[in-house]
There are 2 protein chains.
Amino acid sequence: MDEQLSSRGRQILEAIIEDYIVTAEPVGSRTITRRHPMSLSPATVRNVMADLEEMGFLASPHTSAGRIPTDKAYRFYVNSLLSVRNIGRDEQEEILRRCSVAGKDMAEVLKETSRMLSSTSHYMGIVVAPRFDANIFRQIEFVRLGSRRILAILVSRNGTVQNRIIEADEEIPADDLVKMSNYLNELLEGLTIAQVRKKLLQEMQSDKARYDQLMARALALSTKTVNEDDAEVFIEGQVNIFDQPEFADVAKMKDIFRTFEKKSTILQLFDRALVAEGVQIYIGAESHLSDMPGMSLITSTYVTGQNTLGVLGVVGPTRMGYAKVIPIVDYTAKLVSRLLEME
Amino acid sequence: MDEQLSSRGRQILEAIIEDYIVTAEPVGSRTITRRHPMSLSPATVRNVMADLEEMGFLASPHTSAGRIPTDKAYRFYVNSLLSVRNIGRDEQEEILRRCSVAGKDMAEVLKETSRMLSSTSHYMGIVVAPRFDANIFRQIEFVRLGSRRILAILVSRNGTVQNRIIEADEEIPADDLVKMSNYLNELLEGLTIAQVRKKLLQEMQSDKARYDQLMARALALSTKTVNEDDAEVFIEGQVNIFDQPEFADVAKMKDIFRTFEKKSTILQLFDRALVAEGVQIYIGAESHLSDMPGMSLITSTYVTGQNTLGVLGVVGPTRMGYAKVIPIVDYTAKLVSRLLEME
DNA sequence: CATTAGCACTCGATTTGTTTGAGTGCTAAT
DNA sequence: ATTAGCACTCAAACAAATCGAGTGCTAATG
């Protein structure tokens with residue numbers, strides 16, 4: 001069934017896709033010949049288009065409209081047709097400028113990155129923050145707030161801070177708090193947060209803990225601190241989809257916004273991209289998410305050294321400017337990697 | 001011009017408003033007599049409605065449609081007609097349950113509160129976090145991340161944490177960091193963050209700083225830490241406005257979402273509510289924000305002791321269920337006050 | 001024999017016209 | 001003062017007519 005595509009077929013398919021990307025209207029044979037002068041008559045183009053439709057690259061909304069590319073067409077376009085042009089000098093600078101907000105903590109940087117992705121691509125920018133789990137323990141600190149209220153602050157090497165308020169069962173003197181943190185800091189030095197979690201459990205069951213009240217309490221406190229890991233997601237530029245004609249309909253809008261309101265769906269999606277390497281492209285149904293029909297996403301992981309930290313990317317309609325967005329995502333991911341590397 | 005409203009006039013106005021609140025359709029004389037049996041003929045109602053229109057309580061979209069309440073009508077309704085019914089037992093419990101997420105830091109609690117406000121009211125929930133400025137300094141801590149990278153952690157009495165990564169000009173030994181934080185903790189004890197800011201400036205210009213290198217550096221670092229105050233806003237349930245028929249139009253939707261995307265507008269609005277006390281109601285143009293025509297908001301401040309901490313509230317169409325939402329906002333504000341009080 | 005001109009045909013979108021019905025204001029009867 | 005009656009209005013809903021971009025097919029063409 002998969003007859004080879006003639007060179008002319010490719011050329012016409014490409015023309016159709018590119019036209020559709022900018023106009024969002026079904027494109028017909030006339031239009032093609034007008035906008036991409038290639039010394040062919042509409043009739044010929046029609047024949048070719050009929051072939052392309054049979055091969056599953058095109059679909060017609062109804063008999064007397066033009067044709068629109070299918071997911072398969074976009075896939076082919078991205079794989080074979082598209083010459084990923086290099087990222088523009090000015091774009092590059094814009095990205096660099098926007099991401100290099102000095103002195104901010106990581107969350108701020110990533111949020112700004114997401115915002116930048118959305119405004120340079122004109123679609124939605126998404127950044128999934130590194131799982132706290134993968135970070136390396138740096139220090140734990142306890143601050144007394146009230147007689148029993150204790151603020152626990154957990155710092156990891158890259159400067160991420162997690163804090164949590166703990167109600168202690170009984171009052172703990174300030175000195176003890178210092179001792180406790182000293183003890184823990186020594187104990188947990190150099191471990192990842194995931195390992196820290198395990199270690200704490202082990203320690204609590206060990207003999208030492210049973211004899212040393214203070215230690216036991218320290219362990220209990222820190223377990224409470226460290227015991228959850230909700231990955232953060234930054235989604236920005238949702239309003240951009242209002243400008244996409246294919247969603248210009250309140251019902252569809254609502255669906256989309258609902259989907260992106262609960263971030264778990266997105267997380268699930270991006271988690272898949274996390275295991276892959278480099279730029280990933282999911283076109284339409286390829287995302288296997290029925291919640292977002294007609295949308296594509298372009299993602300890339302960002303890393304430090306060998307470790308994959310997180311994923312970032314852009315979500316837009318399948319009819320998205322791949323040629324422009326792919327290099328943006330790619331460059332941004334590398335940039336963010338570099339920025340975090342320095343830490 | 002402000003002729004007195006007859007008791008019958010009030011009654012009919014109330015009927016119209018309440019009808020419009022549930023149907024969102026212009027209401028006519030027939031409808032009124034049908035739905036609110038009050039032994040009056042449509043013709044009579046018509047006469048009264050004409051009077052009400054002249055007085056500025058009603059407006060007709062066009063001659064042969066029913067009439068809709070004006071802002072003035074809602075204002076009158078809220079001031080004079082509305083009997084704020086007590087909050088329902090079950091609603092109260094729902095709110096209590098949703099807000100009492102133990103062990104979370106304040107940001108989480110407020111975010112959840114906002115989410116709760118939106119889902120119980122079916123409009124948009126907004127919570128403005130306390131200005132960090134007003135908090136009372138508790139402790140500052142420096143953590144070394146790299147040779148020159150230092151993480152500064154600022155804790156206030158109520159457990160709010162702000163942290164910031166600082167690039168130092170030169171390497172600072174760990175001991176010095178401890179000394180510095182000790183010095184600062186003593187210096188800043190008990191001040192509000194706003195005062196801290198001033199104090200730091202003063203100190204830096206004092207003689208001591210000129211002689212004591214270390215102290216000077218400590219001051220410089222902490223100034224960097226403390227030198228910004230971006231109030232946080234939690235806006236949740238934006239999708240709810242998709243269900244409001246008056247905004248069922250892509251252009252209006254877009255405007256609204258755009259407005260709420262940059263939170264500064266909202267902040268500006270809520271800042272005004274901050275100085276007032278208790279429940280505030282802004283109907284339509286009363287908010288003086290041309291960015292959100294046709295919307296009302298109901299806010300209340302939350303406090304601990306004498307201090308106003310922040311504002312929370314609900315934003316919806318002017319045609320909003322005031323009778324239901326007002327007690328919700330009121331109760332929630334009091335609850336949040338209580339929750340933070342305990343800290 | 002691939003290409004193209006020609007042509008009848010389709011079908012959504014747009015336009016125009018008609019009907020419907022909820023609503024109004026006014027007047028005259030109650 | 002209230003209401004029944006009536007002529008009038010106007011958006012919305014529906015239907016028919018028209019338009020036009022597009023199609024598939026066939027026959028002519030280089």
Side-chain angles (χ1 to χ4, degrees), chain A residues 3-13 15-17 19-20 22-70 245-246 248-250, chain B residues 3-13 15-17 19-20 22-70 245-246 248-250:
Chain A
E3 315 132 54
Q4 204 51 261
L5 221 49
S6 73
S7 128
R8 193 174 62 183
R10 294 156 141 264
Q11 212 182 337
I12 288 177
L13 182 57
I16 293 174
I17 293 174
D19 226 68
Y20 187 69
V22 317
T23 65
E25 302 273 302
V27 356
S29 50
R30 267 305 295 284
T31 330
I32 286 293
T33 54
R34 240 184 298 124
R35 273 200 275 256
H36 300 253
M38 50 175 78
S39 65
L40 278 181
S41 80
T44 315
V45 173
R46 270 207 290 285
N47 289 326
V48 178
M49 283 169 81
D51 296 347
L52 288 171
E53 179 161 7
E54 204 170 347
M55 287 190 250
F57 288 112
L58 296 178
S60 10
H62 55 87
T63 69
S64 78
R67 287 169 164 101
I68 61 176
T70 60
E246 47 263 78
D249 152 21
V250 183
Chain B
E3 314 132 53
Q4 203 51 260
L5 219 49
S6 73
S7 126
R8 195 174 59 184
R10 295 155 140 263
Q11 213 181 336
I12 289 177
L13 182 56
I16 294 174
I17 293 174
D19 227 68
Y20 187 70
V22 318
T23 65
E25 301 274 302
V27 356
S29 50
R30 268 303 296 284
T31 331
I32 286 293
T33 54
R34 239 184 298 124
R35 271 201 276 254
H36 300 252
M38 49 175 77
S39 65
L40 279 181
S41 79
T44 316
V45 174
R46 269 206 291 284
N47 289 327
V48 179
M49 283 168 81
D51 296 347
L52 288 171
E53 178 160 8
E54 204 169 347
M55 287 190 250
F57 289 112
L58 296 178
S60 9
H62 56 85
T63 70
S64 78
R67 288 173 163 99
I68 60 174
T70 60
E246 47 263 77
D249 151 23
V250 183

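Protein chains get the first letters and strands the later ones, always in sequence-line order, with residue 1 at the start of each.
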Original post:
Side chains of A:Arg67 and A:Pro26: closer than 4.5 Å at any heavy-atom pair?
Top reply: no

**OP:** Please examine the side chains of A:His36 and A:Thr31, heavy atoms only from C-beta on, and report whether any two atoms are closer than 4.5 Å.
**Re:** no

Original post:
Going through the distances and angles, do A:Gln11 and A:Leu40 end up as a side-chain contact (heavy atoms from CB on, under 4.5 Å)?
Top reply: CA-CA 12 Å; A:Gln11 212 182 337; A:Leu40 278 181; over 6 Å; no

Subject >> Evaluation steps, side-chain contact (heavy atoms from CB on, under 4.5 Å), between A:Ile16 and A:Met49 >> reply: CA-CA 9 Å; A:Ile16 293 174; A:Met49 283 169 81; 3.8 Å; yes

**OP:** Could you summarise the pairing of DNA chain C as dot-bracket text, marking Watson-Crick and G-U pairs under 3.5 Å with ( ) or [ ] inside the strand and | across strands?
**Re:** ||||||||||||||||||||||||||||||

Subject >> Validation row: A:Thr44, A:Arg8 side chains within 4.5 angstrom (heavy atoms) >> reply: yes

Subject >> Residues that B:Ser60 engages under side chain to side chain donor-acceptor pair (under 3.5 Å), provided they are two or more places apart >> reply: B:Glu53

Original post:
Does the side-chain contact (heavy atoms from CB on, under 4.5 Å) test come out yes or no for A:Val27 and A:Ile68, once each step is laid out?
Top reply: CA-CA 7 Å; A:Val27 356; A:Ile68 61 176; over 6 Å; no

**OP:** Take the protein atom NE2 of A:His62 and the nucleotide atom C1' of C:dC11, then report the distance between them rounded to whole Å.
**Re:** 7 Å

**OP:** Taking only the side-chain nitrogens and oxygens of B:Thr44, find out if one of them lies under 4.0 Å from OP1 or OP2 of D:dT2.
**Re:** no

**OP:** Whole angstrom is fine here: how far is it from CD in B:Glu25 over to C1' in D:dA11?
**Re:** 12 Å

Original post:
Tell me, for nucleotides 23-30 of chain C in 5' to 3' order, what letter each nucleotide earns: B for a base near a protein heavy atom under 4.0 Å, S for only sugar-phosphate near one, - for neither?
Top reply: SBB-----

Subject >> side-chain contact (heavy atoms from CB on, under 4.5 Å) between B:Ser29 and B:Ile32, intermediate numbers included >> reply: CA-CA 5 Å; B:Ser29 50; B:Ile32 286 293; 5.7 Å; no

